[in-house]
Amino acid sequence: MSQSPPTELVERYRTRAPRYTSYPTAPQFAPLGDGVVEAALSRVSGPVSLYVHVPFCKHLCLYCGCHVEIRETRSVGTAYVDGLLAELDLQLKHVPPTSLDQLALGGGTPTFLLPADMERLVRGVTARLPRRPGADFSIEIDPRTVDAAYLHTLVDLGFNRYSFGVQDFDPEVLAQVARPQSYEQVRDAVDTLRSRGDFNLNLDLMYGLPGQNPEQFARTLAQLVSLRPTRVALFHYAHVPWLKPAQKVLEKKGLPDSVLKAQLFGMADAALGAAGYRIIGMDHYALPGDELLSAAESGTLLRNFMGYTTRAGLDQLGVGVSAIASFAGIYAQDLKSRAEWAARIDAGLLPVERGWVLSEEDVRRRSIIMELFCNFSADIPADMVVERNRLRPLEDDALVTWSGQRLAVTPLGRHFVRNVCAVFDSYLEDPGNRRYSMTA
Ligand SMILES: C[S@@+](CC[C@H](N)C(=O)[O-])C[C@H]1O[C@@H](n2cnc3c(N)ncnc32)[C@H](O)[C@@H]1O
Ligand code: SF4
């Protein structure tokens with residue numbers, strides 16, 4: 001992407017828009033009819049991807065936009081794992097025999113689970129869905145929750161992609177967001193994993209937090225690069241206090257404005273570029289050799305709820321509170337309340353709250369949006385006249401160009417890819433649609 005875009009453009013295109021990990025996006029989801037999920041499950045084909053949501057965290061980080069439940073004791077996870085496996089059984093009753101090509105544990109904090117519960121979960125999943133050779137097993141880790149023994153357990157369970165929440169290394173920035181965590185904690189965890197051999201390491205970084213400025217961010221970037229992760233996710237802090245009231249406190253602490261955020265992004269982009277990383281999609285970076293990078297370079301990168309992936313063609317099942325699954329032409333999201341979710345499972349019912357059955361038009365728009373978001377170009381059908389007209393100002397600002405039917409997002413336009421994709425979103429203007437975070 002390189003360099004910060006001009007301030008004037010940042011201000012002019014600053015708007016609310018989705019990050020398009022699905023289309024239609026989750027606020028559009030509605031209750032599904034009786035039997036819809038079961039019928040779609042019976043149409044699942046080929047190996048699957050499974051997302052497992054573990055909502056628990058010990059403390060709330062003030063910026064957090066994830067679906068979390070703050071709990072003191074880790075033993076709460078024991079019954080939860082029972083529920084996850086029971087939910088998987090309820091789903092697999094309908095699914096033709098299949099195998100597992102991708103397992104992703106996200107949260108919350110999966111490593112909040114006691115090691116014995118983690119082991120029971122992973123062994124329980126692979127007993128029901130045999131692991132395929134070359135399968136991708138990933139887990140999100142809060143470095144503060146794992147000791148060396150826990151990390152060894154994860155390696156023994158076959159995880160091969162580890163993602164650590166870093167956000168920033170500056171103790172003062174971390175204090176502002178109530179996430180006390182040291183550089184050494186992250187480094188030691190990474191060293192422990194490295195002692196066990198090869199694996200993919202992702203570090204999550206965020207920009208847009210209170211207290212961030214070019215001076216401290218330069219130090220954070222140098223520390224990040226010194227750990228040599230294979231991938232970096234550089235998240236723009238999504239401020240959505242109407243959904244996450246704890247974020248409101250951060251306004252009083254002073255959030256960076258869009259100009260400073262663009263500067264921080266530009267610094268990260270330059271530092272990662274100088275260290276040999278290449279940008280993937282909107283906000284990911286990877287070292288050469290990473291499969292995501294090859295996918296980005298060959299134009300086959302895909303996007304789903306797990307972010308950017310090379311395996312989004314798989315039907316994606318999901319278990320756990322709030323988990324969103326995407327398979328056989330539907331999206332299905334689980335209940336968010338753990339009590340309601342558990343009660344449904346106990347009653348032998350799928351704990352799905354809402355979702356979406358994609359129409360042909362949804363599928364057509366989804367493929368354009370995802371292609372733009374991932375590969376920065378897409379063929380636009382001639383009948384999309386309204387959309388073509390809406391793109392004129394973006395063309396005038398050199399954010400997009402046309403070559404026949406093919407729309408391309410320029411390097412400058414990549415900063416505004418959410419704006420470009422929003423043009424193709426039929427539901428954005430729907431009354432009652434929830435508000436999204438700002439694009440800049
Ligand atoms: C589930 S957490 C990662 C695992 C673990 N809970 C942790 O914090 O280390 C997923 C990631 O989402 C990102 N994130 C959380 N809230 C966000 C927000 N409001 N805006 C942008 N990114 C956010 C953070 O970078 C975080 O590491
Ligand atoms: S950022 Fe991670 S550890 Fe912090 S509250 Fe959110 S999910 Fe939990």
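Numbering of residues begins at 1 and proceeds along the displayed sequence. Counting convention: from 1, in listed order, for ligands and their atoms alike.
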- With backbone taken as N, CA, C and O and side chain as the heavy atoms from C-beta onward, which portion of Phe235 lies under 4.0 Å from ligand 1: side chain, backbone, both, or neither? side chain
- Hey, is Arg179 one of the residues with a heavy atom under 4.0 angstrom from ligand 2? yes
- Can you tell me which residue and heavy atom of the protein come closest to atom 20 (N) of ligand 1, and the distance to 0.1 Å? Ala238 N, 2.8 Å
- is_close_aromatic(Tyr277, Tyr285), centroid dist under 6.0 Å: no
- Query: Short list, please: which atoms of ligand 1 are under 4.0 Å from a heavy atom of Cys64?
  - Reply: 16 (N)
- Crowded around Lys248 NZ? As in, over 12 foreign heavy atoms under 6.0 Å? no
- Message: Tell me whether Ser322 contacts the main-chain N or O of His67 through its side chain, where contact means a donor paired with an acceptor under 3.5 Å.
- Response: no
- Task: Check whether any side-chain N or O of Arg390 sits under 3.5 Å from a backbone N or O of Val423 as a donor-acceptor pair, and report yes or no.
- Result: yes
- Identity and separation of the nearest protein heavy atom to atom 8 (Fe) of ligand 2: Cys57 SG, 2.3 Å
- Which one of Tyr427, Trp356, Tyr23, Tyr331 satisfies the ring pair (Phe, Tyr, Trp, His ring centres under 6.0 Å) criterion with Phe29? Tyr331
- Task: Considering only non-hydrogen protein atoms, determine which one is nearest to atom 1 (S) of ligand 2 and report residue, atom name and distance to 0.1 Å.
- Result: Tyr63 OH, 3.3 Å
- For Thr109, take its heavy atoms, then give the atoms of ligand 2 lying under 4.0 Å from any of them. 3 (S), 8 (Fe)
- Sub-4.0 Å atoms of ligand 2 with respect to non-hydrogen atoms of Gly108: 7 (S)
- Candidates Ile139, Val52, Leu154 - the one meeting side chain to side chain contact (heavy atoms under 4.5 Å, CB included) with Pro110: Ile139
- Flag, side chain of Asp283 to backbone of Phe235, donor-acceptor distance under 3.5 Å: no
- Distance from atom 5 (S) of ligand 2 to nearest protein heavy atom, with residue and atom: Cys61 N, 3.4 Å
- Message: Check contact between Ile141 and ligand 1, using heavy atoms of the residue and a distance below 4.0 angstrom.
- Response: yes
- Message: Using heavy-atom distances only, which candidate in Gly107, Gly165, Gly108 approaches atom 6 (N) of ligand 1 most closely?
- Response: Gly108
- Ligand-residue contact atoms, ligand 2 with Asp142, heavy atoms, under 4.0 Å: 3 (S)
- Task: Flag this pair as yes if the NZ/CZ of Arg161 is under 6.0 angstrom from the six-membered ring centre of Phe199 and inside a 45 degree cone about the axis; otherwise no.
- Result: no
- Within-cut-off N or O pair, Gly65 and ligand 1, under 3.5 Å: yes
- Note on the structure: for atom 24 (C) of ligand 1, nearest protein heavy atom and its distance come out as Gln167 OE1, 3.3 Å
- Item | Heteroatom test (N, O or S) for Cys64 near atom 8 (Fe) of ligand 2, limit 2.8 Å | no
- Task: Taking the side chain as every heavy atom from C-beta outward, state whether Val76 and Phe112 have any atom pair closer than 4.5 Å.
- Result: yes
- Message: For ligand 1, which is the ligand I care about here, please tell me if Tyr63 has any N or O atom under 3.5 Å from one of the ligand's N or O atoms.
- Response: yes
- Message: Using a 4.0 Å cut-off to any heavy atom of Tyr237, which atoms of ligand 1 qualify?
- Response: 18 (C), 19 (N), 20 (N), 21 (C)
- Tell me, yes or no, whether the heavy-atom count around Glu184 atom CD, taken from other residues, nucleotides or ligands under 6.0 Å, exceeds 12. yes
- Can you tell which of Arg179, His236, Met206 gets a heavy atom nearest to atom 23 (C) of ligand 1? Met206
- Ignoring angles and geometry beyond distance, decide whether Asp204 reaches within less than 3.5 Å of ligand 1 through its nitrogen or oxygen atoms. yes
- Note on the structure: The option among Thr109, Val166, Val186, Leu62 carrying the non-hydrogen atom nearest to atom 5 (C) of ligand 1 is Thr109
- Query: Which word best sums up how the rings of Tyr237 and Tyr63 line up, parallel for under 30°, tilted for 30 to 60°, or perpendicular for over 60°?
  - Reply: perpendicular
- Cation-pi, Phe424 ring and Arg365 (6.0 angstrom, 45 degrees): no
- With a 4.0 Å heavy-atom cut-off (strictly under), which part of His239 contacts ligand 1: side chain, backbone, both or neither? neither
- Message: With a 4.0 Å cut-off on heavy atoms, is Gln247 in contact with ligand 1?
- Response: yes
- Item | Check: Ala17 main-chain N/O paired with Arg418 side-chain donor or acceptor under 3.5 Å | yes
- Note on the structure: Here the atoms of ligand 2 under 4.0 Å from any heavy atom belonging to Val68 are 7 (S)
- Flag, side chain of Gln212 to backbone of Gly208, donor-acceptor distance under 3.5 Å: yes
- Query: Are any of the heavy atoms in Gly165 under 4.0 Å away from ligand 2?
  - Reply: no
- How close does the nearest protein non-hydrogen atom get to atom 2 (S) of ligand 1, and which residue and atom is it? Glu140 OE1, 4.0 Å
- Task: Verify the neighbour count for atom CD of Glu291: are there more than 12 heavy atoms of other residues, nucleotides or ligands below 6.0 Å?
- Result: yes
- Item | Whether His59 has an N, O or S atom under 2.8 Å from atom 4 (Fe) of ligand 2 | no
